[in-house]
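Please read all numbers here as calculations on a predicted model, not as lab measurements. Heavy atoms only: backbone and side chains are in, while hydrogens, waters and symmetry mates are out.
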Amino acid sequence: MEKFCIQNPILLSFLLVLLLFISIASTQNDDVDDGRKRVQIRVGLVLDLGSVEGKIVKSSVSMALSDFYAINNDYKTRVSFSVRNSHGEPLLALASAVDLLQTEGVEAIIGGNSLLDAKLLGELGEKARVPLISLNSPMSLSLSKYSYLIQATHDSASEAKGITSFINGFGWNSVALLYEDHDDWRESMQFLVEHFHENNVRVQSKVGFTVSSSENFVMDRLRKLKDLRTTVFVVHLSEVIATHVFQCAGRLGLMGDGFVWILTAKTMNSFHENIDGLVKEAMEGVVGFKSYIPMSKELQNFTLRWRKSLPVEEAEITRLSISGVWAHDIAWALASAAEVTRMKNVSSTLLEEITKTRFNGLSGDFRLDNKKLLSNKFEIINMIGSSERRVGFWNSNGSFSNRRQLSSTHNKLETIIWPGGSAQSPKGSSLRESDRKKLRVLVTSSNRFPRLVKVETDPVTNELIVEGFCIEVFRASISPFNYEVEYIPWLNGSNYDNLAYALSSQKDKYDAAVGDITITSNRSMYVDFTLPFTEMGLGIVALKERSMWVFFQPLTPDLWITSAAFFVLTGIIVWLIERAENKEFQGSWPQQIGVVLWFGFSTLVYAHRERLKHNLSRFVVTVWVFAVLILTASYTATLTSMMTVQQIRFNSNEDYVGHLSGSLIANVALTSSSLRAMRSLGLNSSADYAQALLNKTVSFVVDELPYLKVLLGENPTLFLMVKTQSTTNGFGFMFQKGFELVPNVSREISKLRTSEKLNEMEKRWLDKQLPYTTDDTSNPITLYRFRGLFMITGVSFAFALAVLLIVWLRDKWTVLVDSVKLFLSRQIIHFRIHFSRNIHPSPLDDPIGENAVQMAQRNRQ
């Protein structure tokens, strides 16, 4: 009994262990049964796991699927994610996506948070027919061609309207745009620039920064903006660059009273709460547009659980980003769509079901519009101390609002604390007349072409008077920027390479240079040029010819002679064919010669009246009339062209070529292969050009088109432009390297050109004519060019003569045979007589010889 009691606990333990194993096995069998019923849907997740955004999206997707299947435990499908690290490299992201397709067989991919990522993965999605879901990639027309691409991003067009309305509401008329020089940021910036332009908000300057931009570079760019009196800044930069810029702006005093800083939604969405305290202090008073996510209990609950789920090494992440919220909703949409596609009698694809999915997610109503999940409502944030304060909203219907009321203007926004701590709205970039910045401009003062640039001093007031076409264009281009211009004459000659070097090396004295300055690569090493405001290239001007023999010029002499010979030959051949049967080609020899010449040349105007009776002559005339038709048409076209503009020919070994004295551009042109000249003559003005051409000192003048237009405008009836070549870049205005006005002035020049104002200025100053060039004319027609035509005509004539000869031989064959026989018999007789006399001195003794003599005598009789 005692022994039994001892063994009883052992038996009891054994039974307990046995029951535990049975229970575990039963549970595993149940799980296996459930697994057999559930379908696994593999989805790829390509992220930069080294970035904060990548970590947020990964954890958000994981929790979203856990929550979804906790609620929908009866679903037969299970979406699971395979994660790949792209390290922020587009090519690695593409390689990861290819690996997921090949090894995991994924049915969808989430990734591509940059424009290049989205393009590469979009191409892959098209080839593999797999949905590609991009989070926070910019809106771009270049992505619209990818039918398998789904985007979750903010509405850049709505944001641009909101920022523009915000600026217009405060009466600011110009801004400086600071952007990140990267494809994503440049692409999304275009909406802003377009809306600014459409709503009369002038972009005073655009300054690009990169991650590698040094502090000196940032300080220099901001200092130039400060010198331009810029007070309103729109910032379109990532967190890393933006924090650097604000610190530099603070040191330059650009974060004080009177300044406005506006952040775009892409910039605001990139910020995280772990920003350094000094940076937050530097951003005091900044206003930003931020994608709005409506607060809800679900979002609060998810955010609390998400924070707790983060590993210790990611404890610095304290706020769920907009991308994390979108990733949550995308994961729910994928899981819901995957379940529908596996239902019976459902033939739709995963992509089609995702686009049809509707539910209330953390970001609000989940609904894809044209395969885009767009956040088109923005909250307006005011940075105060280390916190963000909401002052209102920009709604998708184009209105501002706050918690209490809706308004189409900024007046209903809550009070904004601006940089410097003031609640009073800054005046923005509207400058008083006393605040105008002086622009010190060097102006070329040779006065060789006064219509282009003329500089003189008023003898009474002693003031500098500057005028001319170049000056008017410069004033029109600079007028919108409220500058006081001080002109400084350039007195060191016409070598503008020295002018460019002086402008570059004396930054404390000069800001720009204007005049007849050609854009060259050498000068561009020292200065920045604006867009050209004149036509590009060189031209050749010559004296108009007034020859009374111009009608001979369309054909070369050898072609004239050949044509005349064929006219006569046509008459002769027709005469030979028709003479035997046609009385009109008969008569005395003078009459027949007249008919031959008359008939041949009358074909030139198709005036021949002689009736042709032989088909062979009709064939000859038909071929020749066709040739005459081509000759006369070509002659008429060439003569018409030459009567419009006389073609001139240059003899480089004999003619002098005129050019602007001291012009490096003209010298280079005269030594080039296309305008080679042995002897040249330097001239100093348009009057010198005209005089040299009129007295035949030079045969033609080579120079840049603006100079030649002055010459043609002053003497429109005497000279003509005979050739142009686009070998120069035209005239442009020079500025210091990196000067902010360069793109602005270039833009104004472009506006002047498109609005026809530039043409009006040119006509007013240069009396612009519409010169013809040799490109509008034809060269004289040569015999070589028409050798085929004359070859066909000659062969036709030869054929006609051959047929005529054959017919004549056929008709005269009997007579010809008899004549040949008689001729041969006479020759034989003469040979025999000659032979017999040489052999036998007395032919009378020879009966044969006697008979031969008798026969010869009878023949004579």
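Contact of the T518 side chain with the R523 side chain is registered, since non-hydrogen atoms from C-beta on lie closer than 4.5 Å. A 4.5 Å side-chain heavy-atom check between W172 and V260 finds at least one atom pair inside the cut-off. A 4.5 Å side-chain heavy-atom check between I478 and V745 finds at least one atom pair inside the cut-off. You'll find the side chain of S140 reaches within 4.5 Å of the side chain of L115, heavy atoms only. Taking 4.5 Å as the limit, some side-chain heavy atom of I167 sits within range of a side-chain heavy atom of V234.
Using a 4.0 Å cut-off between charged side-chain N and carboxylate O, D227 and R223 make no salt bridge. A salt bridge between E472 and R475 is absent, with no side-chain N of the basic residue lying under 4.0 Å from a carboxylate O of the acidic one.
Remark: side-chain polar atoms of H236 are paired, donor with acceptor, to backbone N or O of W185 under 3.5 angstrom. The closest donor-acceptor contact from the side chain of K290 to the backbone of I381 lies at 3.5 Å or more, if one exists at all. Of the possible donor and acceptor atoms, one in the side chain of T267 sits under 3.5 Å from a partner among the backbone N and O of L237. Judged by distance alone, with hydrogens and angles left aside, the side-chain atoms of T534 form no donor-acceptor pair with the main-chain N or O of G730 at under 3.5 Å. Within the 3.5 Å criterion, the main-chain N or O of V441 finds no donor-acceptor partner in the side chain of D511. A side-chain donor-acceptor contact under 3.5 Å links H195 to the backbone of F191. Here the side chain of S524 pairs a donor or acceptor atom with the backbone of T520 at under 3.5 angstrom.
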Before giving the answer on salt bridge (Lys or Arg N to Asp or Glu O under 4.0 Å), spell out for R251 and E215 the whole-Å C-alpha distance, their side-chain angles and the decisive distance to 0.1 Å. CA-CA 12 Å; R251 289 199 291 271; E215 182 175 338; 2.5 Å; yes

Can K751 and E748 be said to form a salt bridge (Lys or Arg N to Asp or Glu O under 4.0 Å), step by step? CA-CA 5 Å; K751 290 180 181 178; E748 292 301 319; 3.6 Å; yes

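Other residues, nucleotides and ligands contribute over 12 non-hydrogen atoms within 6.0 Å of the CD atom of E198.
For the ring-ring contact (aromatic ring centres under 6.0 Å, His included) with Y526, the qualifying choice from Y496, Y501, F735 is Y501, the only one to do so. M255 pairs with exactly one of F233, F246, W418 by the side chain to side chain contact (heavy atoms under 4.5 Å, CB included) rule, that one being F246.
Contact detail for F259 and G253: the closest heavy-atom pair is CE1-O, 3.4 Å. Here the shortest heavy-atom pairing between V211 and I241 reads N-CD1, 3.6 Å.
Centroid-to-centroid, the aromatic rings of W490 and Y510 stay 6.0 Å apart or farther. Aromatic ring centroids of F533 and F474 lie 6.0 Å or more apart.
Under 3.5 Å, the side chains of T210 and S212 contain a donor-acceptor pair of N or O atoms. Between the side chains of N715 and Y689, no donor-acceptor pair of N or O atoms lies under 3.5 Å. No donor-acceptor contact under 3.5 angstrom links the side chains of D257 and S422, judged on distance only.
Once rounded to the nearest 0.5 Å, the distance linking CG of D220 with OG of S214 reads 9.0 Å. The CD atom of E187 lies 5.0 Å from the OG atom of S142; values are rounded to the nearest 0.5 Å. Atom CG of residue N684 and atom CG of residue N447 lie 12.5 Å apart, to the nearest 0.5 angstrom. Here the CZ atom belonging to F529 is positioned 5.0 Å from the CE atom belonging to M734, to the nearest 0.5 angstrom.
Taking the ring centre of W394 as origin, the terminal cationic atom of K161 falls outside the region bounded by 6.0 Å and 45° from the ring axis.
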